[in-house]
Amino acid sequence: MERHLYTVAQLRAIEQAAYAGLAPGTLMQRAGKAASDFALELLGDRRDRPVLVLAGPGNNGGDALEAAANLADAGVDATVLHLPGRRDASTETAAAYERARAGSVGWIDMLPPGAEWGLVIDGLFGIGLERPVDGDYREVVVGLETIRCPILALDVPSGLDADTGAVIGPDGIAVRATHTITFLGDKPGLHTADGRDHAGQVRVDMLGVGSEALPRATAQLSGLPLFAGRFTARRHNTHKGSFGDVAIIGGAHGMAGAPVLSARGALYAGAGRVYVAALNTPPGYDSSQPEIMFRAAEDFDFFGRTLVIGPGMGDSASAIRLLARALDSDSPLVIDADALNLIGASPDLQSRLAQRTAPAVLTPHPLEGARLLGMTAAVVQSDRLEAAREMALRTNATVILKGSGTVIARPDGEVLINPTGNAGLATAGSGDVLAGICGALLAQGWTGWEAAAAATWIHGAAADTLVDEGVGPIGMTAGELPAAVRKVLNRLVKDAASR
Ligand SMILES: NC(=O)C1=CN([C@@H]2O[C@H](COP(=O)(O)OP(=O)(O)OC[C@H]3O[C@@H](n4cnc5c(N)ncnc54)[C@H](OP(=O)(O)O)[C@@H]3O)[C@@H](O)[C@H]2O)[C@@H](O)CC1
Ligand SMILES: Nc1ncnc2c1ncn2[C@@H]1O[C@H](COP(=O)(O)OP(=O)(O)O)[C@@H](O)[C@H]1O
Ligand SMILES: [K+]
């Protein structure tokens with residue numbers, strides 16, 4: 001399944017198993033063919049433009065050499081910049097080198113300044129990279145930054161960690177590809193952290209290996225098949241009570257906007273009734289969204305309501321009391337923002353959370369995640385899947401670790417990476433809207449896992465729709481998201497009905 005994401009260790013095992021049943025060099029030849037086919041597709045009717053092929057010391061370089069030979073055979077002006085290593089190349093890579101040497105490929109040993117290319121193929125390093133790109137390799141990667149043409153990475157953009165999506169090394173560097181063709185199975189690192197910026201559009205080529213040969217993946221790309229069954233048309237004979245009550249608990253003095261954004265997220269995602277239970281004297285009503293009902297949090301009855309706790313909640317004694325009460329309740333719970341920080345600082349709140357049986361979804365951004373785990377945000381970002389898994393395990397909850405390529409994890413170690421969304425979401429309040437959407441789906445009876453996956457997907461898809469309409473990424477505001485969320489949701493329900 002193309003949605004599945006494999007670790008480097010799993011890919012090595014797949015490679016070994018596939019290798020055993022095939023003539024030597026077969027996988028590399030298939031990788032080279034898939035790469036040159038994709039390159040021709042990217043060149044389109046500009047096949048007369050020269051193609052630069054970067055070939056590194058390992059088998060990733062072997063793939064590149066096969067691709068270069070294929071391109072030359074197809075009449076393309078292909079030039080290889082070959083940077084062999086200190087050790088002998090593998091037998092397959094040596095054979096690929098001989099093949100390219102025998103054809104009409106051109107050879108250079110440094111990037112010619114100012115040269116123009118129709119396409120660059122990056123075959124410097126793949127899944128074998130274990131240390132930062134340095135020396136001549138680094139110079140080439142720096143040189144690529146000023147080249148304005150499509151860049152096709154083979155397997156993994158060189159310099160990127162395929163497991164984590166982090167650029168390898170302090171002060172590390174990685175190729176910024178426009179496209180990546182990745183082999184034998186998709187990889188988490190292409191879709192989270194720095195991955196989306198460096199991999200561009202990702203295509204998977206299984207190199208002829210059947211899906212029966214693949215191990216069980218514990219990570220996958222999130223997508224509609226995971227929750228599409230939930231998008232059913234509303235029955236006529238329903239009322240507001242049929243779609244759940246959501247209460248946002250937050251809004252301490254001076255922070256009234258955050259719960260209102262969450263409340264709008266919940267309303268536009270279809271909750272039947274939406275309350276803001278404010279810590280300080282609640283406003284009478286919200287003039288732009290008078291449907292939201294305001295209450296004082298201390299007197300508010302949590303029973304039968306889905307709670308979104310944390311937006312603008314602060315860290316007062318009253319906030320801690322309310323959080324303890326919410327954690328002890330049987331209400332489905334979304335825990336966001338200040339509530340996460342309070343839990344991070346309190347073993348008592350942590351144990352109340354771990355003991356819950358009703359659904360709980362945590363929505364930390366990396367710094368909130370770091371506080372929960374007692375580490376720095378940089379460490380969280382260096383392995384987002386691991387950090388999200390650890391948080392889910394410790395809290396016994398579903399965790400949405402936000403940021404580019406949001407990671408959703410549950411206590412048994414399963415993770416999803418969300419592929420929707422864009423940098424327009426990097427604006428204050430967009431996380432509040434996400435928490436509200438998640439609350440609305442929980443209130444409509446979804447499980448924590450489904451609600452987390454779908455809320456994140458829909459939130460990102462709403463932002464993508466806004467960008468398509470010219471509303472962002474620059475200047476997109478959180479307040480514009482809820483209406484776009486409503487559009488996405490209704491379209492999904494309509495599409496589900498017409499299938
Ligand atoms: N085998 C097959 O049939 C198939 C293989 N496939 C392809 O092979 C790729 C994996 O190949 P790989 O294992 O050879 O590793 P690769 O990514 O080329 O890099 C390792 C090399 O780089 C070197 N090196 C590392 N870091 C360095 C640095 N910073 N600076 C300088 N050098 C550095 C390292 O040297 P060493 O550490 O030993 O000194 C070693 O020589 C995979 O991504 C896919 O593209 C697929 O087509 C499927 C079929
Ligand atoms: N560059 C980005 N690409 C994709 N999604 C992003 C990006 N930046 C932020 N987001 C998303 O926007 C939301 C921001 O949430 P958060 O940081 O909690 O903001 P706030 O607290 O201001 O609401 C999250 O859902 C996050 O995943
Ligand atoms: K590469």
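Heavy-atom basis, side chains included; hydrogens, waters and symmetry copies ignored. Remember, it's 1-based here, ligands and their atoms both numbered in the order they're listed. In this chain, residues are counted from 1 in sequence order.
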Residue and atom name of the nearest protein heavy atom (relative to [atom]), distance in Å to one decimal:
atom: atom 15 (O) of ligand 1; result: Gly128 CA, 3.3 Å
atom: atom 24 (C) of ligand 2; result: Lys402 CD, 3.4 Å
atom: atom 13 (C) of ligand 2; result: Ser430 OG, 3.2 Å
atom: atom 7 (C) of ligand 1; result: Asp63 OD2, 3.1 Å
atom: atom 1 (N) of ligand 2; result: Ala423 CA, 3.5 Å
atom: atom 39 (O) of ligand 1; result: Arg86 NH2, 3.2 Å
atom: atom 27 (O) of ligand 2; result: Gly403 N, 2.8 Å
atom: atom 11 (O) of ligand 1; result: Asn59 CB, 3.2 Å
atom: atom 23 (O) of ligand 2; result: Gly431 N, 2.7 Å
atom: atom 4 (C) of ligand 2; result: Asn422 O, 3.4 Å
atom: atom 42 (C) of ligand 1; result: Asp155 OD2, 3.1 Å

For ligand 1, does [X] get within less than 4.0 Å through its side chain, its backbone, both, or neither, judged by non-hydrogen atoms?
X: Pro132; result: backbone
X: Arg12; result: side chain
X: Ile127; result: both

Below 4.0 angstrom from a heavy atom of [X], which ligand 1 atoms are there? Numbered from 1 as shown, please.
X: Leu27; answer: 3 (O), 49 (C)
X: Gly58; answer: 14 (O), 18 (O), 21 (C), 41 (O)
X: Ala31; answer: 47 (O)
X: Gly126; answer: 16 (P), 17 (O), 43 (O)

With the threshold set at 4.0 Å, does a side-chain nitrogen-carboxylate oxygen contact exist between Arg99 and Glu92?
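No, this pair does not count.
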Under 3.5 Å donor-acceptor, Arg410 side chain and Ala397 backbone:
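Flag not set: sc Arg410 to bb Ala397 has no pair under 3.5 Å.
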Would you find a donor on one side and an acceptor on the other, under 3.5 Å apart, between the side chain of Thr178 and the backbone of Pro150?
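Side chain of Thr178 to backbone of Pro150: no pair is present.
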What do we get for Leu425 next to ligand 2 when only non-hydrogen atoms under 4.0 Å count, side chain, backbone, both or neither?
both
May I ask you to identify, for His365, whether its side chain, its backbone, both or neither come under 4.0 Å of ligand 2 on a heavy-atom basis?
side chain
Could you tell me the separation between the CG atom of Asn59 and the CD1 atom of Ile127, rounded to the nearest 0.5 Å?
9.0 Å
Any nitrogen or oxygen of [X], main chain or side chain, under 3.5 Å from a nitrogen or oxygen of ligand 1?
X: Leu184; value: no
X: Tyr19; value: no
X: Phe125; value: no
X: Tyr137; value: no

Environment of the K ion (ligand 3) in terms of protein N/O/S atoms, cut-off under 3.4 Å
Asn60 OD1, Asp122 O, Asp122 OD2, Phe125 O, Leu154 O, Val156 O, Ser158 OG
With a distance cut-off below 6.0 Å to the six-membered ring centre and an angular limit of 45° from the axis, does Arg101 pair with Trp107 as a cation-pi contact?
yes
Contact between Gly429 and ligand 2, counting heavy atoms under 4.0 Å?
yes
For ligand 2, which atoms sit closer than 4.0 Å to a heavy atom of [X]?
X: Leu434; answer: 25 (O)
X: Thr406; answer: 27 (O)
X: His459; answer: 25 (O)
X: Ala426; answer: 8 (N), 9 (C)

With sequence neighbours left out, the residues meeting salt bridge (Lys or Arg N to Asp or Glu O under 4.0 Å) with Arg12 are Glu15
Shortest reach to atom 28 (C) of ligand 1 by a heavy atom, considering only Glu66, Arg131, Glu130
Arg131
Among Met28, Gln29, Glu15, Gln16, which residue places a heavy atom closest to atom 2 (C) of ligand 1?
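Shortest heavy-atom distance from atom 2 (C) of ligand 1: Glu15.
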Among Thr164, Asp155, Asp163, Thr7, which residue meets the side chain to side chain donor-acceptor pair (under 3.5 Å) test with Lys187?
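So, applying the side chain to side chain donor-acceptor pair (under 3.5 Å) to Lys187 and each of Thr164, Asp155, Asp163, Thr7, only Asp155 qualifies.
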Phe183 vs Asp63, side-chain contact (heavy atoms from CB on, under 4.5 Å): CA-CA, chis, key distance, verdict:
CA-CA 10 Å; Phe183 304 127; Asp63 295 346; 3.5 Å; yes
Should Leu226 and Ser222 be marked as a side-chain contact (heavy atoms from CB on, under 4.5 Å) after you check the CA-CA gap, both sets of side-chain angles, and the distance that decides it?
CA-CA 7 Å; Leu226 294 169; Ser222 184; 4.0 Å; yes
